[in-house]
Amino acid sequence: MHYLLKRTLLVTGATLFSSGMVYAQTPDLSDPPEIDGATVEDHGSVTLRMGLGLAESSPQYISSRYFADILNHRTEGRINVHIFPNSQLGDDVQMMEMLQTGTLDMTYPSSSPATGYVEELAVFDLPFLLPTREAAIEAMRSDAAQEMLDAFDGTGLKALAFSENGFRQLSNSVREVTSPEDVAGMDVRGLSIRTMENPVHLAIWEALGANPTPMAFGELFSAMEQGVVDGQENPWSTILTSNFYEVQDYGSETRHVYTPFIKMISERTWDSLAPEYQELVQEAALQAADYEIQLSAEYDDWAREQLEERGMQITRLDDEQIAAFQEAVQPVYDEWAPRIGEDLVAEFQQIAESSKTE
């Protein structure tokens, strides 16, 4: 029953040949959990089209294959999921709009571009709010986070589950960055940082003195290659699987924002499903989200090491250097905490504090 997923892992685990060097394309990832649960009754055949932003070697894609396997196995082949990775169908914003019109069934965007539907999601964009993966997982599993998912009801989008995009790290093609002054210096020289289409992210990089440039992810590689932008920020795994090391010489482990993914389904598609199919889709989404978080944790440190092997100079910032960045972005809290909700921000801050003592 795991043949398709095992085959995917084997393909994405192939070696990458570049400049005479041989690199492992994926780490030794955990196998997916066994699929259990009873077979659901026959409510007809369903084909779901899911669009993803990332590559086939990413935890996002691998966990989505597991999601597809669960649905296929527990319906004896009546529900099939066709996955389109690598932004083939558009960027996150475009694919969410396709869900609203019913021209696409499912997608898996970052939370940041989804703040246009649920403003409270911007709490995840506040810089240095969630210092550890443990704190981030607790935040994603909180009642407040579930309320954010529920708030999509009526938008044309049904939000099923949070999972991990990861801690965002800075890369650029110009210089080592160890301080806000290095980022501001980049702006003085007319260089720019690509950001997601999200006002809090824009505020972060403006506070640091950069020239933030919103841009669709699918356009980013060519923009860096052509010098349209000089830097970007994403988790190490995304930087690796998107081959950004080919056009970015420097990386800084800033961990400035933890971004979740949100697995979504079109409300039109959801409403067309039998209740038992709806229950299965929701259950499979949560199981796949847990697996994706596990894969992302396994992938993160390995991806950083692989980037270094490929020639990227990565700087690991110490506590004093991180504190300088935190001080520089304090105006972002002053501006955005009241707009997001002081109580919600305080709740997430309490989650972060409690995770330090556990």
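Count residues from 1 along the sequence. Small disclaimer: the values here were computed from a predicted structure and weren't measured.
Residues Val40 and Glu279 form no side-chain contact, since every pair of their non-hydrogen atoms from C-beta on lies 4.5 Å or further apart. The side-chain heavy atoms of Leu99 and Thr107, taken from C-beta on, include a pair separated by under 4.5 Å. No side-chain heavy atom of Tyr277 sits under 4.5 Å from any side-chain heavy atom of Leu71. For the pair Glu246 and Phe221, the minimum side-chain heavy-atom distance is below 4.5 Å. Counting only heavy atoms from C-beta outward, the side chains of Glu233 and His256 approach each other to under 4.5 Å.
The cluster map of Ile, Leu, Val, Met, Phe, Trp and Tyr, joined by side-chain heavy atoms under 4.5 Å apart, puts Leu273 and Ile79 in the same cluster. Hydrophobic clustering keeps Val93 apart from Met50 (ILVMFWY residues linked when any side-chain heavy atoms are closer than 4.5 Å, directly or through intermediates).
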Show your working on side-chain contact (heavy atoms from CB on, under 4.5 Å) between Thr213 and Thr195 and close with a plain yes or no.
CA-CA 6 Å; Thr213 304; Thr195 70; over 6 Å; no

Please report the C-alpha distance between Ser58 and Gln60 in whole Å, then the side-chain angles of each, then the deciding distance to 0.1 Å, and finally whether the side chain to side chain donor-acceptor pair (under 3.5 Å) criterion is met.
CA-CA 5 Å; Ser58 67; Gln60 184 191 57; 4.6 Å; no

Go through Leu48 and His82 one step at a time and tell me if the side-chain contact (heavy atoms from CB on, under 4.5 Å) criterion holds.
CA-CA 6 Å; Leu48 301 175; His82 295 172; over 6 Å; no

Are Val281 and Trp270 close enough, and set up right, to give a side-chain contact (heavy atoms from CB on, under 4.5 Å), and what steps lead you there?
CA-CA 9 Å; Val281 168; Trp270 179 261; 4.2 Å; yes

Decide side chain to side chain donor-acceptor pair (under 3.5 Å) for Ser142 and Gln146; before the verdict, give the C-alpha distance in whole Å, the side-chain angles of both, and the deciding distance to 0.1 Å.
CA-CA 6 Å; Ser142 67; Gln146 183 59 50; over 6 Å; no

What verdict does the side chain to side chain donor-acceptor pair (under 3.5 Å) test give for Asn165 and Ser110, after you've listed the backbone C-alpha separation in whole Å, the side-chain angles of each residue and the deciding distance to 0.1 Å?
CA-CA 7 Å; Asn165 188 344; Ser110 294; 2.7 Å; yes

Output, in order, the C-alpha distance, side-chain angles, deciding distance and verdict of side chain to side chain donor-acceptor pair (under 3.5 Å) for Thr103 and Thr101.
CA-CA 6 Å; Thr103 54; Thr101 62; 3.0 Å; yes

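Asp301 meets the salt bridge (charged side-chain N to carboxylate O under 4.0 Å, His left out) test with Arg304; sequence neighbours excluded. Residues passing the ring-ring contact (aromatic ring centres under 6.0 Å, His included) test with Phe244, sequence neighbours excluded: Phe217. Under the rule for a side chain to side chain contact (heavy atoms under 4.5 Å, CB included), the partners of Pro180 that lie at least two apart in sequence or sit in another chain are Leu208, Ala324, Phe325, Ala328. For Arg194, there are no salt bridge (charged side-chain N to carboxylate O under 4.0 Å, His left out) partners two or more places apart in sequence or in a different chain. Residues passing the salt bridge (charged side-chain N to carboxylate O under 4.0 Å, His left out) test with Glu308 are Arg316, sequence neighbours excluded. Remark: Tyr258 pairs with Phe167 by the ring-ring contact (aromatic ring centres under 6.0 Å, His included) rule, at least two apart or across chains. Considering only residues two or more places apart in sequence or on other chains, Glu219 meets the salt bridge (charged side-chain N to carboxylate O under 4.0 Å, His left out) condition with none of them. For Glu305, there are no side chain to side chain donor-acceptor pair (under 3.5 Å) partners at least two apart in sequence or on another chain. When the ring-ring contact (aromatic ring centres under 6.0 Å, His included) test is applied to Phe261, the partners found at least two apart in sequence or on another chain are Tyr108. In this view, Trp236 satisfies the ring-ring contact (aromatic ring centres under 6.0 Å, His included) rule with no residue, not counting sequence neighbours.
If you take CG on Leu54 and CD1 on Ile62, they are separated by 11.0 Å, rounding to the nearest 0.5 Å. The distance from atom CE of Met148 to atom CE of Met140, rounded to the nearest 0.5 Å, is 11.5 Å. Here the CD1-CZ distance, from Ile239 to Arg168, works out to 9.0 Å after rounding to the nearest 0.5 Å. Atoms CD and OG1, from Glu320 and Thr178 in turn, are 11.0 Å apart once rounded to the nearest 0.5 Å. Put simply, NZ on Lys263 and CD on Gln282 are 11.0 Å apart, with the number rounded to the nearest 0.5 Å. With rounding to the nearest 0.5 angstrom, the NE2 atom of His43 is 10.5 Å from the OG1 atom of Thr75.
In this structure, the ring of Phe348 has its center less than 6.0 angstrom from the ring center of Phe124.
In this structure a side-chain-to-backbone donor-acceptor pair under 3.5 Å is missing from Glu253 to Ile314. A donor-acceptor pair under 3.5 Å is formed between the side chain of Ser272 and the backbone N or O of Thr269. Of the possible donor and acceptor atoms, one in the side chain of Tyr66 sits under 3.5 Å from a partner among the backbone N and O of Pro33. Judged by distance alone, the side chain of Thr238 and the main-chain N or O of Asn234 form no donor-acceptor pair under 3.5 Å. With hydrogens and angles ignored, the 3.5 Å screen pairs a side-chain donor or acceptor of Glu298 with a backbone N or O of Ser30. With hydrogens and angles ignored, the 3.5 Å screen pairs a side-chain donor or acceptor of Gln169 with a backbone N or O of Arg255. Between the Asn172 side chain and the Gly231 main chain, no donor and acceptor come within less than 3.5 Å of each other. Judged purely by atom type and a 3.5 angstrom limit, Gln248 uses its side chain to pair as donor or acceptor with the backbone of Asp230.
Counting only N and O atoms by type, the side chains of Ser354 and Gln350 include no donor and acceptor under 3.5 Å apart. For the residue pair Ser266/Gln100, the side-chain donor-acceptor check at 3.5 Å is not satisfied.
A salt bridge is defined here as a Lys NZ or Arg NE, NH1 or NH2 lying under 4.0 Å from an Asp or Glu carboxylate O, and Glu283 with Arg74 meets this definition. Arg78 and Asp42 are joined by a salt bridge, as a carboxylate oxygen and a charged side-chain nitrogen come within less than 4.0 angstrom of each other.
Listed by first and then second residue, the salt bridge (Lys or Arg N to Asp or Glu O under 4.0 Å) pairs involving residues 141-158 are Arg141-Asp290 (not counting sequence neighbours).
Atom CG of Asp343 has 12 or fewer heavy atoms from other residues, nucleotides or ligands within 6.0 Å. Counting heavy atoms of neighbouring residues, nucleotides and ligands inside a 6.0 Å radius, atom CD of Glu119 does not exceed 12 of them.
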Scan the side chains in residues 125-135 for donor-acceptor partners under 3.5 Å anywhere in the protein, sequence neighbours excluded, and list what turns up.
{"from": "Asp125", "atom 1": "OD1", "to": "Ser112", "atom 2": "OG", "distance (Å)": "2.5"}
{"from": "Asp125", "atom 1": "OD1", "to": "His201", "atom 2": "NE2", "distance (Å)": "2.8"}
{"from": "Asp125", "atom 1": "OD2", "to": "Asn198", "atom 2": "ND2", "distance (Å)": "3.0"}
{"from": "Thr132", "atom 1": "OG1", "to": "Ala135", "atom 2": "N", "distance (Å)": "3.1"}
{"from": "Arg133", "atom 1": "NE", "to": "Glu164", "atom 2": "OE1", "distance (Å)": "2.9"}
{"from": "Arg133", "atom 1": "NE", "to": "Glu164", "atom 2": "OE2", "distance (Å)": "3.2"}
{"from": "Arg133", "atom 1": "NH2", "to": "Glu164", "atom 2": "OE2", "distance (Å)": "2.9"}

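Aromatic ring pairs are classed by plane angle as parallel below 30°, tilted from 30° to 60° and perpendicular above 60°; the pair Phe152 and Tyr117 is tilted.
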